[in-house]
Every structure is written in C-alpha cells, then in structure tokens.
Number of protein chains: 2
Amino acid sequence: MFYGRDALSRITGNGAQVGTETSLTPTRLHHAAVVALIGRDIVNGKYAVGEILPFEEEFVEKLDVGRGVIREALRVLAAKGLVETRPKRGTQVLPSSMWQLLDPEILFWRIGQNFDPKFLRDLTDLRSIIEPAACALAAERASDPELQLIAALARELNYAKDDEFAFIEADLQFHRAIIQSTHNDIFVQIGVAIESVLRLSVEVTVGIGHGRRIAEHEKVAKAVCDRQVSKSRIAMAELIELNVLDIASILGPAFSNPKN
Amino acid sequence: MFYGRDALSRITGNGAQVGTETSLTPTRLHHAAVVALIGRDIVNGKYAVGEILPFEEEFVEKLDVGRGVIREALRVLAAKGLVETRPKRGTQVLPSSMWQLLDPEILFWRIGQNFDPKFLRDLTDLRSIIEPAACALAAERASDPELQLIAALARELNYAKDDEFAFIEADLQFHRAIIQSTHNDIFVQIGVAIESVLRLSVEVTVGIGHGRRIAEHEKVAKAVCDRQVSKSRIAMAELIELNVLDIASILGPAFSNPKN
DNA sequence: ATAATTAATTAGTCGTACATATTGACATTG
DNA sequence: CAATGTCAATATGTACGACTAATTAATTAT
C-alpha cells in the first residue's frame with residue numbers, strides 16, 4: 001500500500017498542471033513535471049528512436065524554465081536509459097532495448113495512454129512465470145507470522161468481495177504478501193511493479209469488473225499455509241491463467257497474437 | 001555484446017580516476033564519477049538507510065565541483081530510488097525496498113565490492129526461474145533464423161571451450177540468443193542484466209574456471225531447435241542448476257542459507 | 001497541552017559566463 | 001583519389017552568484 005500509493009502519486013499526479021498553461025501566475029513547471037513531460041513523449045513514440053530532441057535552449061524557451069531544470073531532467077532520463085547526451089550533437093533517443101522497462105515511472109508513462117497490447121502481453125508473460133514461482137518459494141520460506149498474514153488476507157478477500165475498491169486493494173495485498181514471503185528483494189520489486197501496473201491498465205482500459213476467483217485464492221492460501229510447494233505453484237498458476245484469460249477475452253486477438 | 005560492453009564501461013570504467021586525487025591538474029571529477037561515487041557508498045551501506053547525506057554545499061567543497069554537478073548527480077540517484085531530497089532536511093537514503101535493484105548501475109555497484117551472499121542468491125533465484133521459462137518460450141516463438149543462430153552459437157561454444165575468455169563470451173551470447181528469441185523485451189532486459197552481472201560476480205568472487213557443461217548446452221540447443229517446449233525448459237533448468245551448485249560448493253552455507 | 005506563528009536552513013530555480021568535447025567541412029598528404 | 005589531419009562551428013558541460021520557496025523546529029499564544 002505504501003509503495004503503491006506513493007508510486008502512483010509520485011508518477012501520475014505531481015504533474016502540477018502540466019497541460020493547463022492558462023494559470024495566471026506563469027506557474028513554472030518544475031523538475032518532476034519536465035521529466036514526465038519529455039519522458040512520456042519518448043516512451044509513447046512522439047520522439048522516435050534515434051531522433052535528436054530539441055536542444056536545451058529550445059526547451060528552456062518552450063517550457064519557460066531555467067536551463068538547470070532542463071539539464072537535470074535530461075540527466076534523469078539518461079539515467080533511465082531513454083536518452084544519451086553528447087556535446088555538439090545534442091540529446092538522442094536510445095533504442096528501446098536500453099530503456100529500463102521496469103522503472104515505475106516508465107511503466108506508468110507507457111500504460112498511461114494508448115498502451116500497446118504487445119507490451120501488455122510481455123507483462124502478463126512475466127507475471128505468469130514470476131508469481132507461481134514466487135508462490136512456491138513462499139511455501140518453502142515463509143515464516144509462521146507471514147503464513148498467518150496470508151491466511152488472514154485470503155479471508156479479508158472474501159469479506160471484501162462485494163466492495164469493488166476494497167476487493168482490488170485486498171487482492172493486491174494478498175499477492176504482495178506472498179511475494180514478500182519469498183524473502184527475495186528482487187522478486188518483491190518485480191512482482192509489485194507488475195501487479196500494480198497490470199491492475200491499473202485493466203481498470204483504465206476496460207472499466208472495472210473482473211472475476212473474483214475467491215475459491216482459487218483460498219486454494220492458493222491453503223497450499224502455501226500447508227507448505228505444499230508444488231501445489232502452491234500450481235494453484236497460483238491456475239489463478240493467474242484465469243486472470244490472463246479475463247484480459248484476453250476483453251482485449252481480443254490484439255492481445256493474444258500481438259504483431260510481434 | 002553491445003549492451004554488455006557498454007554497460008560495463010559505462011559503469012565500472014568511466015570513473016575517470018575517482019580514487020586518484022593525486023593528479024596534478026585538479027582534474028575535477030564530473031557527473032558520472034560523482035554519481036558512481038555517491039551511489040556506491042549508498043548501496044554498500046556506507047550511508048545507512050534513513051541517514052541524511054552531506055548537504056550539497058558540503059559535497060561541493062569535498063569533491064571540488066560545482067553545485068550543478070552535485071545536484072544533477074543527486075537527481076539521478078533519486079531517479080534510481082536511492083535517495084529523496086527535501087528542502088531544509090536534505091537528502092535522505094531511502095529504504096532499500098525502493099531501490100531499483102535491476103538498474104545496471106546499481107547492480108554493478110553492489111557486486112563490485114564486498115558483495116553480499118544474500119544478494120547473490122537472490123540473483124540466482126531469479127535466474128533459475130527466468131531462464132528455463134524463457135527457454136521454453138523460445139522453443140515456441142523463435143524464428144527459423146533465430147534457431148539457426150542458437151545452433152551456431154552452441155557449436156561455437158564447443159570450439160571455444162579451451163579459451164577461457166572466448167568461452168565466457170560465447171556462453172553469454174548463447175544465453176542471450178535464447179532470451180531474445182522469446183520476443184519479450186522485458187525478459188531480454190532482465191535476463192541480460194542478470195547474466196552479465198552474475199558472470200562478473202562469479203569471476204570476481206570464485207575465480208574463473210568451472211565445468212564447461214558442453215553436453216548440457218548442446219542438449220538445450222537441440223531441444224529448442226526441435227521446438228520441444230517442455231524438454232527445453234528442463235534442459236535449461238538442469239544447466240542452471242549445475243551452475244548454481246558450482247557457486248554453492250565454493251561459497252558454502254553463506255550462499256545456500258543466507259541469514260534471511 | 002495544543003495549536004498557531006515565526007525564524008532558520010537547505011533544496012529549488014535562474015541567469016550568465018566560460019570551458020570542453022564532438023562534429024562535419026575543409027585542406028593536406030601519401 | 002582515398003586516407004588523414006586540421007580547424008571552426010556548436011551544443012553540452014561546468015562554475016559561480018543571487019534569489020525563491022518549502023520544510024523544519026523552536027517559540028509563542030491560545
């Protein structure tokens with residue numbers, strides 16, 4: 001919840017009326033807003049790969065901020081693998097293979113508007129692999145308190161099944177608790193990022209409403225709490241598979257067979 | 001090869017005599033060097049989580065660079081989730097759960113010196129899951145030219161088995177070719193990052209020289225080229241498992257049972 | 001005790017000046 | 001004529017100084 005809320009507000013929000021230039025005081029947009037502005041244009045292809053983007057001075061003029069702000073923003077984008085700056089040549093958009101796809105900001109920029117189905121499938125591919133494996137590891141490594149938490153969250157899921165918002169929140173916490181029980185920091189990071197972004201994208205694109213899968217969730221919780229490694233993996237795989245089918249049924253062939 | 005070499009030089013090298021302050025001209029260290037300097041100190045715990053690091057002016061004085069350079073560096077570190085700046089309070093080190101663990105720079109900073117066995121195991125955990133899955137996907141999705149490339153690299157691996165350096169390079173290309181054949185950009189990114197950093201860390205920590213596992217590599221290649229999905233997954237899992245055992249046999253229980 | 005005010009401090013921004021590295025055109029040379 | 005070396009252009013890289021704004025913490029008033 002902490003990370004999720006923070007990531008969202010840090011990314012989507014914050015924009016500080018990026019679009020509304022009609023403010024009386026020329027409310028100059030500051031660092032984060034400039035980063036988001038240029039970053040979005042890059043990941044959404046407004047600036048093509050290989051293209052040289054406007055020089056610092058042009059940005060200064062166009063956005064009405066100091067050169068320092070522009071430079072700091074470009075440095076951040078370079079740190080994320082989006083661009084590379086060089087004297088005399090300017091700032092060039094790097095090939096997308098260099099982009100740090102799992103960076104929370106880049107993730108949300110890509111999902112935020114006109115997401116592409118290929119990318120969504122890449123994400124679900126990854127989740128289909130990570131989560132069952134993480135679930136199996138959790139069955140091995142979770143401490144007893146962690147098992148109790150998982151069991152409690154499974155029950156919570158059942159209680160909240162009628163409240164749309166509460167259910168989504170509880171569902172996210174359930175998955176997060178399992179991933180955290182692997183005691184593997186990298187898993188946690190990848191898992192949490194994927195979970196949040198997939199949920200957001202599904203909500204945004206098709207409106208709310210997916211199957212609750214209460215029984216499947218409980219099956220997962222039971223397997224993990226019984227420390228049944230193999231059963232845990234399978235149960236989670238089934239749960240994810242159902243979810244993937246939900247997404248596929250809504251998005252259609254563009255998702256299932258993306259133009260590579 | 002492109003990404004690998006670049007990532008390495010961009011990270012480890014570059015440092016531009018960071019340590020050698022004995023240069024005649026006060027060779028001021030520039031942006032990338034400052035980022036690496038502070039970044040390393042954070043991920044290696046020299047600055048503890050929650051700690052406030054020196055103020056901008058102190059860095060200016062201590063490192064003999066302009067305030068702009070320091071600010072740009074801190075902004076980059078903030079973009080990587082390492083720190084958070086706030087007026088009056090200063091720059092605080094964020095909890096490690098916020099760090100972008102898969103960022104190539106952070107990855108290499110952590111491995112570079114006094115690595116921690118827990119982190120090494122986290123990495124191998126992830127690889128043990130990603131690579132077999134990727135291998136299975138490759139068996140499904142690889143194009144015919146890609147299959148030919150994989151077969152060719154497997155042969156190359158055999159030719160190069162007597163040349164230490166050439167073998168490592170060929171091995172890396174082999175794994176990369178398989179991962180790229182999944183046509184999943186996220187896989188490629190995670191896989192390549194982990195492959196490179198694990199190789200480096202293994203070289204550094206346990207020295208070079210393990211089994212070549214030529215037969216196992218060929219088994220993987222054959223399974224993929226025959227498009228045998230399940231066999232591909234298993235063959236790759238075996239290959240990885242052998243490698244993990246190599247590492248475990250040398251590092252001992254600190255690796256196998258890390259203190260949580 | 002609690003809440004509002006105020007003062008101190010540090011990051012945030014701006015602007016200018018200059019240094020440095022890369023580029024691409026041009027000239028030189030073998 | 002191709003390969004190489006030189007040179008001027010140009011945009012980023014860096015430095016410095018002044019000021020703004022936001023957060024904190026101490027102080028005061030309720």
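Only heavy atoms go into these numbers, but all of them, side chains included; no hydrogens, no water, no symmetry mates. Chain letters run A, B, ... following the sequence lines, proteins first, then strands; residues in each count from 1. Model, not experiment: these values are computed from the prediction.
The minimum heavy-atom distance between A:R67 and A:V60, with the atom names listed, is CA-CG2, 3.6 Å.
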Would you check, one step at a time, whether the test side-chain contact (heavy atoms from CB on, under 4.5 Å) holds for A:L101 with A:D122? CA-CA 11 Å; A:L101 268 24; A:D122 283 356; over 6 Å; no
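Here C:dC14 presents its P atom at 15 Å from CZ of A:F59, a figure rounded to the nearest Å. Rounded to whole Å, the distance from CD on A:E56 to C1' on C:dT16 is 15 Å. The nearest whole Å value for the distance from the CD1 atom in B:I52 to the C1' atom in D:dT24 is 11 Å. What separates CD of A:E72 from C1' of D:dG13 is a distance of 14 Å, to the nearest Å. Residue B:I70 contributes atom CD1, which lies 14 Å from atom P of C:dG12 at whole-angstrom precision. In this structure, the CD atom of B:E57 is 12 Å from the C1' atom of D:dA18, given to the nearest Å. Atoms CZ (A:F55) and P (D:dG13) sit 13 Å apart, rounded to a whole Å. Per the geometry, CD belonging to B:Q92 stands 15 Å off C1' belonging to C:dT10, to the nearest Å.
In this structure, the nucleotide among D:dG13, D:dT14, C:dA11 sitting nearest to the side chain of A:T85 is D:dG13. Checking C:dC14, C:dT13, D:dT10 against every side-chain atom of A:K88, the shortest atom distance belongs to D:dT10. In this structure, the nucleotide among D:dA11, C:dC14, D:dT14 sitting nearest to the side chain of A:V69 is C:dC14.
At C:dG15, none of the side-chain N or O atoms of A:R71 fall inside 4.0 Å of OP1 or OP2 (strictly under the cut-off). Distances shown here put a side-chain N or O of A:R86 below 4.0 Å from the OP1 or OP2 atom of C:dT23. Between B:R89 and the phosphate of D:dA22, there is no side-chain N or O to OP1/OP2 separation shorter than 4.0 Å.
Counting non-hydrogen atoms under 4.0 angstrom, B:G68 reaches nothing in the nucleic acid.
Between the side chain of A:N44 and the backbone N or O of A:K46, no donor-acceptor pair lies under 3.5 Å.
Donor-acceptor pairing under 3.5 Å, judged by distance alone, is present between the side chain of B:R67 and the base of C:dT13.
With respect to A:R141 and B:D125, a salt bridge is recorded, a charged nitrogen being found less than 4.0 Å from a carboxylate O. Checked for salt-bridge contact, A:E195 and A:R176 miss the test: no charged N lies under 4.0 Å from a carboxylate O.
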